[in-house]
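Below: the structure, in structure tokens.
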Amino acid sequence: MKILIVGSGGREHAIAWAVAKSDKADKIYCAPGNAGIAEYAECVPIGAMEFERLVAFAREKEIDLTIIGMDDPLVGGIVDAFEAEGLRVFGPRKNAAIIEGSKAFSKDLMKKYHIPTAGYENFYDKESALAYLETARMPIVLKADGLALGKGVLICENLEEAKAGAETIMGEKKFGSAGDKMVIEEFMTGREVSVLAFCDGKTVKCMTSAQDHKRAMDGDQGLNTGGMGTFSPSPFYTEEVREFCEKYIYQPTIDAMAAEGRPFTGILFTGLMITEDGPKVLEYNARFGDPEAQVVLPRMKNDIIDVMEACVDGRLDQINLEFEDNAAVCVVLASDGYPVSYKKGFPIEGLDTFREKEGYYCFHAGTKFDDQGRIVTNGGRVLGITAKGADLKEARKNAYAATEWIRFENKYMRNDIGKAIDEA
Ligand code: AMP
Ligand code: GLY
């Protein structure tokens with residue numbers, strides 16, 4: 001088969017790696033890709049939002065399956081654009097990707113179908129939001145409705161911060177039109193867990209659990225980022241929690257989307273908070289997590305193409321998803337200064353060390369080839385260093401050892417990825 005992957009980050013590298021392992025994949029393209037993805041795929045310089053060019057490319061190359069990695073094109077309707085031309089594509093249509101694209105939509109869906117989540121109100125103008133905040137219980141959470149690169153969520157300790165937050169989102173429009181609507185939500189405490197699931201519109205099959213570390217600095221300090229590291233499985237996602245979520249969250253969500261005339265096909269990513277009152281949904285995403293994919297996919301035993309085709313064809317019920325009985329940890333190597341401002345263009349050394357090493361992976365997030373053909377840094381998140389181990393502690397030790405193999409100027413990482421494991 002000829003496969004096209006759309007995206008350019010560590011998640012798409014992990015997908016490309018998994019696709020390359022499949023006996024079914026004869027030729028892989030990635031648009032636009034990066035220097036690491038280029039090892040498995042021919043990278044084509046077409047942006048993820050250039051739907052017409054992507055569709056034309058897929059027709060010309062007779063692509064058998066296109067896999068959409070990123071949220072923006074999904075929310076923008078790339079799947080509909082491919083389907084309109086009769087092309088096979090893995091991902092939710094626009095009317096289903098809205099589960100990630102509009103937080104107000106997803107909250108209303110959960111309320112209507114009794115799916116456990118934090119209490120909330122939706123707001124369409126700043127004045128009503130400010131009036132509501134006056135008597136609200138603090139801390140409180142403000143969420144820009146639309147996509148905001150994972151930065152549109154503000155946790156406010158007191159009324160002053162909350163008013164300033166409402167001004168940022170709805171007044172200054174810091175996140176653009178994502179702030180035309182805003183969700184104000186009850187603050188929850190507990191352990192966070194990410195669960196990714198394959199869906200075919202009716203059936204949902206969960207992958208192994210993972211946990212992300214979103215803050216930039218050790219001890220969960222600093223700004224929110226796209227994700228500084230992950231581990232899988234989460235020891236806090238116990239059998240009891242899993243059973244509860246399967247009964248009250250995942251299948252009810254897929255059934256709710258179908259009932260609304262928005263069947264969900266692709267990857268449903270549920271961000272959970274395991275609170276004292278039980279698991280509750282923090283958010284939904286309509287694609288693999290980044291860097292969750294970098295710890296989940298290396299542990300998956302199935303051929304990814306088999307599973308994705310089953311989703312597209314509506315026969316996921318026939319697939320038995322299997323994961324290795326081990327653990328994986330991913331530590332992101334970033335450019336110092338991320339997520340605010342940072343320099344790029346520095347040569348990366350040590351990449352070859354990963355070649356002979358079983359159970360170690362170096363997923364490229366922001367890299368490119370420079371004029372001299374060297375691989376250089378090209379983003380805030382540069383590489384995701386993943387290692388497997390018999391258990392989480394061993395995987396963490398291995399991942400941190402492997403971070404030492406890589407050298408580039410302004411290399412930055414968190415030193416406490418997976419530390420929570422010690423408390424489990
Ligand atoms: P989201 O993009 O909705 O996942 O939010 C980003 C991060 O903000 C989450 O991973 C949580 O750490 C935090 N967060 C979001 N909603 C809440 C909430 N209701 N209570 C506490 N923390 C939250
Ligand atoms: N790692 C969080 C996300 O992909 O949204």
Side-chain angles (χ1 to χ4, degrees), residues 7 9-15 69-72 74-75 97 99-107 110 116-121 136-157 162 165 169 175 178 182-196 207 209-216 220-232 234 236 267-277 279-297 330-332 334 339 363 365 380-381 384 414 417 420:
R11 165 184 47 216
E12 286 76 24
H13 191 171
I15 295 171
M70 297 168 72
D71 43 0
D72 290 275
L74 288 168
V75 170
I99 201 165
E100 169 164 10
S102 167
K103 291 194 192 282
F105 169 87
S106 74
K107 295 298 290 190
M110 287 185 267
T117 188
Y120 76 102
E121 293 283 342
R137 193 160 137 198
M138 301 291 151
I140 202 153
V141 184
L142 309 186
K143 300 186 172 186
D145 176 59
L147 295 182
L149 297 168
K151 293 175 189 148
V153 174
L154 304 178
I155 296 176
C156 306
E157 295 297 332
I169 293 175
F175 310 106
M182 183 170 79
V183 176
I184 301 187
E185 181 174 287
E186 171 200 0
F187 176 76
M188 301 188 284
T189 51
R191 295 283 179 185
E192 279 187 48
V193 180
S194 302
V195 178
L196 313 179
M207 295 178 237
S209 62
Q211 186 184 319
D212 187 12
H213 299 64
K214 288 207 170 92
R215 301 292 199 95
D220 289 329
Q221 301 295 308
L223 295 172
N224 259 324
T225 69
M228 293 299 292
T230 38
F231 58 85
S232 168
S234 164
F236 306 104
I267 303 292
L268 181 71
F269 166 150
T270 309
L272 296 165
M273 182 79 92
I274 318 289
T275 74
E276 275 189 350
D277 304 328
K280 295 190 181 182
V281 176
L282 275 170
E283 63 161 346
Y284 294 112
N285 294 314
R287 36 116 192 136
F288 279 101
D290 189 351
E292 282 87 344
Q294 290 91 309
V295 284
V296 168
L297 289 177
C330 172
V331 180
V332 169
F363 295 116
R381 292 190 290 179
R414 270 182 67 160
I417 301 301

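Both ligands and their constituent atoms are indexed starting at 1 by order of listing. The figures here come from the full heavy-atom set of this structure, side chains too, leaving out hydrogens, waters and symmetry mates. Each residue takes its place number in the sequence, starting with 1.
No donor-acceptor distance shorter than 3.5 angstrom exists from the side chain of His213 to the backbone of Met228, with no hydrogens or angles considered. Here the side chain of Glu100 pairs a donor or acceptor atom with the backbone of Ala286 at under 3.5 angstrom. Looking at Thr270, its side chain never comes within 3.5 Å of a backbone N or O of Leu272 through a donor-acceptor pair. Formation of a donor-acceptor pair under 3.5 Å by the Thr225 side chain with backbone atoms of Lys214 is found in this model. In this structure, the side chain of Arg11 engages the main chain of Gly69 through a donor-acceptor pair within 3.5 Å. Using a distance-only test at 3.5 Å, with no hydrogens or angles considered, no donor-acceptor pair links the side chain of Arg191 to the main chain of Ser234. Arg414 contributes a side-chain N or O that, together with a main-chain N or O of Arg215, makes up a donor-acceptor pair within less than 3.5 Å.
Set against the non-hydrogen atoms of Met273, the atoms of ligand 1 under 4.0 Å away are 21 (C), 22 (N). Atoms of ligand 2 lying under 4.0 Å from any heavy atom of Glu292, numbered from 1 in the order shown and given with element: 1 (N), 2 (C), 4 (O). Close approach of ligand 2 to Gly289 (heavy-atom distance below 4.0 Å) involves ligand atoms 4 (O). Taking every non-hydrogen atom of Lys103 and a distance limit under 4.0 Å, the qualifying atoms of ligand 1 come out as 2 (O), 3 (O). In the vicinity of Phe187, heavy-atom distances shorter than 4.0 Å reach the ligand 1 atoms 20 (N), 21 (C). Under a 4.0 Å criterion applied to the non-hydrogen atoms of Gly226, ligand 2 contributes the atoms 1 (N), 2 (C). Residue Asp212 approaches ligand 2 through these ligand atoms, each under 4.0 Å from one of its heavy atoms: 1 (N), 2 (C).
Considering only non-hydrogen atoms, atom 18 (C) of ligand 1 lies nearest to Val141 out of Leu142, Leu154, Val141, Thr189. Remark: among candidates His213, Lys214, Arg287, Arg11, the nearest residue to atom 4 (O) of ligand 2 is Arg287, based on non-hydrogen atoms. The nearest non-hydrogen atom to atom 19 (N) of ligand 1, considering only Glu100, Glu185, Lys151, comes from Glu185. Ranked by closest heavy atom to atom 16 (N) of ligand 1, the top entry among Lys143, Met188, Arg215 is Lys143.
Only side-chain heavy atoms of Ile155 come within less than 4.0 Å of ligand 1; its backbone N, CA, C and O stay farther off. Under 4.0 Å from ligand 1, the heavy atoms of Lys214 that appear belong solely to its side chain. Only the side chain of Asn285 comes within contact range of ligand 2, with a heavy atom under 4.0 Å; no backbone atom does.
The shortest side-chain heavy-atom distance between Ser232 and Met207 does not fall under the 4.5 Å cut-off.
Among protein heavy atoms, the minimum distance from atom 8 (O) of ligand 1 is reached at Val153 CG1, 3.6 Å. The single protein non-hydrogen atom nearest to atom 11 (C) of ligand 1 is Glu192 OE2, 3.0 Å, given as residue, atom name and distance. Closest to atom 2 (O) of ligand 1 among all protein heavy atoms lies Glu283 OE1, 3.2 Å. Atom 17 (C) of ligand 1 has Leu282 CD2, 3.3 Å as its closest protein atom, hydrogens excluded (heavy atom only).
Look at Asp145 and Lys107 and you find no salt bridge, because none of the NZ, NE, NH1 or NH2 atoms lies under 4.0 Å from a carboxylate O.
For the residue pair Asp212/Thr230, the side-chain donor-acceptor check at 3.5 Å is not satisfied.
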Task: Audit row: Val153, Glu283, side-chain contact (heavy atoms from CB on, under 4.5 Å) steps and yes/no - done: CA-CA 11 Å; Val153 174; Glu283 63 161 346; over 6 Å; no

- [ ] Under the side-chain contact (heavy atoms from CB on, under 4.5 Å) rule, what do Asp71 and Asn285 come out as? Steps first, then yes or no, please.
- [x] CA-CA 8 Å; Asp71 43 0; Asn285 294 314; over 6 Å; no

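Look at Gly271 and you'll find every heavy atom at least 4.0 Å from all atoms of ligand 2.
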